[in-house]
Amino acid sequence: MIRHFLLFCVGVGILIGGSGKAQQILPYRNPTLPVEKRVSDLLARMTLEEKIAQISHLHSWHIFDGQKLNMSKLHEICNGVAYGFFEGFPLTAANCMENFRKIQTYLVENTRHGIPGFSVAESLHGVVHEGATIYPQNIALGCTFNPDLAYQKAKHIAGELNTIGIKQVLAPCIDVVRDLRWGRVEESFGEDPFLCAQMGMAEVRGYMDHGISPMLKHYGPHGNPLGGLNLASVECSVRDLFDIYLKPFEEILGKTHVMAVMSSYNAWDRTPNSASRFMLTDILRNKYGFRGYVYSDWGVIDMLKTFHKTASDDFEAASQVLVAGLDVEASSRCYAILPDEIRQGKFDVENIDRAVRRVLRAKFELGLFEDPYQERAAFRLPLRAKESVLLAKQIADESTVLLKNEKDFLPLDINKLKSIAVIGPNADHVQFGDYTWSKKKEDGVTPLQGICRLLENKVKVNYAKGCSVASLDTTGIAGAVETARRSDIAIVFVGSSSTTFVRHSPLTSTSGEGLDLHDITLTGAQEQLIKAVYAVGKPVVVVLVAGKPFAVPWVKKHIPAVLAQWYAGEQEGYSIADILFGRVNPSGRLTFSFPQSTGHLPAYYNYLPTDRGYYKAPGSYENPGRDYVFSSPESLWAFGHGLSYTTFDYLEGFSDKDFYFPHDTIKVTVRLKNSGKRVGKEVVQIYVRDLVSTVMTPVKQLKGFKKVELRPEEIREVTIDIPVRELFLTNEQGDHYLESGDFDIQVGSSSDRIFFHIPIYTGKHSDSPRIEDGWKESGRPHGRSFWIEGSVRDVQATPISRIKVQTESGSEEAFTNTSGYYKLKVKTGDRLIFTKKGFKTKEIEVKNADDVHVQMVKGD
């Protein structure tokens, strides 16, 4: 019995601090006790300085000399007090592995209570330390429409994190982005909140299932900064706040036990998000039930003084965020002032205790006290394991979007080519995206390298850079033209280039954090390069390698084949080569709509019915119109768009019933056939339209999707579940409710390619079902004949020409002239029908009046 007790004592860790001497069992060291008891016990033992340290960050510049840990600096800054968090962003992965163990050992063994720290790293699309696997950027992952790949990516990153010794990652990023000028577009899964929630949920589970603590970011409305400028405030309504920007947070926090959230830099409603009690307490904690800690984006607390101008000094800045509900300070030192202020009675220590409690709760619940060195981690992977590299390639393969393929120009046939020109600034450069550790070719595969390896001297490859991604210098274009002239076809790689994370690169960047564009046409001389190569007369393929959509109307009109590869990770070159030559069938779908120009922003698909023009008479320079005088408001390519090397037929779409109660689940089944000659993957997409509601709702909203693979001639039934709660409206307090009524379930392959409309009714049974407008009675008597005339105008009293006016029998008809006037012979009791494409049909019963003036409204 004594032997068993001693073994138990060793297993539960009954030491005080890190003295190495066995002493009495302290409650906070006992894993059999409830977490809240352990938290309360430890908190009661801590000094004010120890509490402040637990909600503060130990940064690499404090304790490292380059890549070397300076133990003297570590002892000096800690002085026996355990900091809550530490990082080593500039370090290689190997140095992290070695030195994080030393730092954690100091915190556990050389401080009074032995509180382990959260080791922190970025892992937006791979651990951001030299030697780790570089996966495709978030924009690419979103375009796979495959949450399982998001889960697998997080799982594999977790394996490397466990090997390195990192517990807390500053990922996933679940921002819904609405302004394409913003440099951080690439970090988002897309413009749609439902998609961002699904992909983010999969990543969270991938991390948590494998022992890593994820951090949701960036909390607050973040992805639509004013003017597209990083850190700028976001202007949106309360309903948009909840339904768009906070929706992914609500979904993930409601279904998982995430213990960390990062606040955002910017402001909403003139209050910085990091100092907003409404955001951090009223919504995040009281409404969404979040129990963990809020971590400040780096330097954001100090920015209250220097940027937002809501605080005059460190104390005001620190007190604002702590009272609001933010807990952990990163990359600034405003909290250091608090002990003196508290002792002078100027600040309530309860605000500190509340924040510390949240951090300690997370450490206990995540098992950090029992396994501070992650020795018990069940899943580990060596850096850049073969299976990780294969996964990076699969994500790249499934994320590339075939935007245009005129006359099935792609895939290319090696046997029909003698030479090929590979041209452009992104042809022989790796483009990994922001939050990676490298921009060097040796750390990945460029498109040129991938193509050369695939062709293996069977086809001559001619290369010319042509221009850079940013410079207006056109001197290299002539060489590129000559290269195209002596080749059978030309493939032009253009786009953007992103920075590396906390590492200097001499290469110009046009995308990434703090790298915003005022104009989203292709930067530098890239479009001039494309036009010059096209003018040679050889077939041209354009591949956009980028972190965001660009406005490329000329390319869409003139180039026969266009692909968007995004930032496809370290295997990008092999992936694009396989796609171009048909070894891989592209299956990516757009998660951002492509605008026609910067002036066409915003371009997202789920706009309100009033927000894409009223007159429905788009113009051009040859034929000016209304809405935009010289353009259509539509996107170049819409959300969900993407082509394949095979074809899919949507044979049937139906729901399991046509009436649903509030707690039901709508089951939509689609019969899908691969009618082409290649194996391919299709993304079945389900959109919902609330036909009539007391507040405006978008013209359609994604509410379900599924990616399936079919062999040629294979037919499959695909069933997608949509909880009725997805149809709820939101009030100004963020509460959700269902209005009974009619909904249109739309089944399609993209937001602008809908094959089936399925009507359903949700809510309570109606004793008075809706009746379609219009007079239904037939066989009414007709009276005398007479001439009737009148005018047709819109709601702004503008005359409408070419309105067809006819009697219900169809025996008489006329058209309005340029002044909107018409004249027609009718009979008493007859019925006139007014129709024109783009307007809602109008029916008027003829009585005894000599003139009938009509107002018509836009609509389908």
Side-chain angles (χ1 to χ4, degrees), residues 121-127 132-163 166-175 187-190 192-217 247-249 251-260 366 377-381 384-399 435 566-571 575 587-589 591 681 683-685 702 704-709 718 720-721:
E122 293 279 5
S123 65
L124 182 64
H125 54 117
V127 184
T133 309
I134 302 172
Y135 293 92
Q137 179 63 286
N138 267 11
I139 185 174
L141 183 62
C143 287
T144 68
F145 272 79
N146 189 342
D148 182 61
L149 288 180
Y151 179 92
Q152 292 299 326
K153 186 200 80 168
K155 171 186 173 181
H156 282 71
I157 293 174
E160 293 188 346
L161 290 167
N162 282 322
T163 296
I166 296 167
K167 187 69 173 180
Q168 178 65 66
V169 292
L170 310 184
C173 177
I174 57 174
D175 292 333
E187 298 180 38
S188 170
F189 296 120
D192 181 84
F194 180 84
L195 177 76
C196 289
Q198 298 307 305
M199 301 302 285
M201 187 91 68
E203 281 209 17
V204 163
R205 287 173 171 157
Y207 283 125
M208 296 186 73
D209 288 351
H210 298 90
I212 299 299
S213 172
M215 180 181 290
L216 302 182
K217 66 180 189 183
K247 187 67 174 178
F249 292 91
E251 286 293 305
I252 296 171
L253 291 172
K255 296 177 181 177
T256 69
H257 297 292
V258 172
M259 294 301 288
L366 294 170
F379 182 69
R380 297 174 184 271
L381 283 174
R384 273 175 150 166
K386 182 178 180 180
E387 62 184 274
S388 301
V389 175
L390 288 174
L391 177 62
K393 171 67 161 55
Q394 183 182 356
I395 296 172
D397 289 346
E398 289 201 28
S399 64
Y435 284 84
W566 312 119
Y567 294 144
E570 62 180 67
Q571 295 290 296
S575 178
S587 61
R589 300 294 182 264
T591 60
K681 295 179 180 179
V683 179
V684 179
Q685 301 166 41
L702 182 72
F705 61 88
K706 187 172 290 187
K707 193 170 198 175
V708 293
E709 183 176 79
V718 180
I720 297 174
D721 293 345

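For the numbers below, each heavy atom of this structure counts, side chains included, while hydrogens, waters and symmetry mates do not.
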Donor-acceptor pair, Lys707 side chain versus Gly588 backbone, under 3.5 Å?
no
Can you tell me how far the CD1 atom of Ile174 sits from the CE atom of Met199, to the nearest 0.5 Å?
13.0 Å
Is the closest side-chain heavy-atom distance between Cys196 and Asp175 below 4.5 Å?
no
Might you work through the side chain to side chain contact (heavy atoms under 4.5 Å, CB included) test for Lys386 and Leu390, ending with a clear yes or no?
CA-CA 6 Å; Lys386 182 178 180 180; Leu390 288 174; 4.3 Å; yes
Should Asp209 and Phe379 be marked as a side chain to side chain contact (heavy atoms under 4.5 Å, CB included) after you check the CA-CA gap, both sets of side-chain angles, and the distance that decides it?
CA-CA 9 Å; Asp209 288 351; Phe379 182 69; over 6 Å; no
Verdict with reasoning, Met208 to Val258, per side chain to side chain contact (heavy atoms under 4.5 Å, CB included):
CA-CA 8 Å; Met208 296 186 73; Val258 172; 4.2 Å; yes
By side-chain hydrogen bond (donor to acceptor under 3.5 Å, both in side chains), which residues pair with Asp192, not counting sequence neighbours?
Tyr605
Taken in chain and number order and not counting sequence neighbours, the residues that satisfy side chain to side chain contact (heavy atoms under 4.5 Å, CB included) with Ala158 are Tyr207, His210, Ile212
From CD1 (Ile252) to CD (Gln198), nearest 0.5 Å
8.5 Å
Has the side chain of Glu160 got a donor or acceptor atom that lies under 3.5 Å from a matching backbone atom of Arg384?
yes
Measure across Val683 and Ser587 and return the closest heavy-atom pair with its distance rounded to 0.1 Å.
CG2-O, 4.2 Å
Charged tip of Lys217 within 45° of Tyr435 ring normal and under 6.0 Å
yes
So, taking the atom named NZ in Lys153 and the one named OG1 in Thr133, what distance separates them when rounded to the nearest 0.5 Å?
12.0 Å
To the nearest 0.5 Å, what is the distance between SG (Cys173) and CD (Gln137)?
8.5 Å
How long is the span from the CG atom in Leu391 to the OH atom in Tyr135, to the nearest 0.5 Å?
5.0 Å
Could you give all pairs that pass the side chain to side chain donor-acceptor pair (under 3.5 Å) test and reach residues 138-148, with sequence neighbours left out?
Asn146-Glu398
How about Pro147 and Phe705: do any of their side-chain heavy atoms sit closer than 4.5 Å?
yes
Going from NE2 on His125 to CD on Glu203, what distance comes out if it is rounded to the nearest 0.5 angstrom?
11.0 Å
Once ring-ring contact (aromatic ring centres under 6.0 Å, His included) is applied, do any residues pair with Phe194, and if so which ones, sequence neighbours excluded?
none
Name all residues meeting the side-chain hydrogen bond (donor to acceptor under 3.5 Å, both in side chains) criterion together with Gln168; count only those two or more places apart in sequence or in a different chain, and write none if there are none.
Ser213, Tyr293
Ignoring hydrogens and angles, tell me if any N or O in the side chain of Thr256 forms a donor-acceptor pair with the backbone of Leu253 under 3.5 Å.
no
For Ser575, enumerate each residue passing the side-chain hydrogen bond (donor to acceptor under 3.5 Å, both in side chains) test, keeping only those at least two apart in sequence or located in another chain.
Asp397
Between Thr591 and Phe145, does the side chain to side chain contact (heavy atoms under 4.5 Å, CB included) criterion hold? Intermediate values first, please.
CA-CA 9 Å; Thr591 60; Phe145 272 79; 3.6 Å; yes
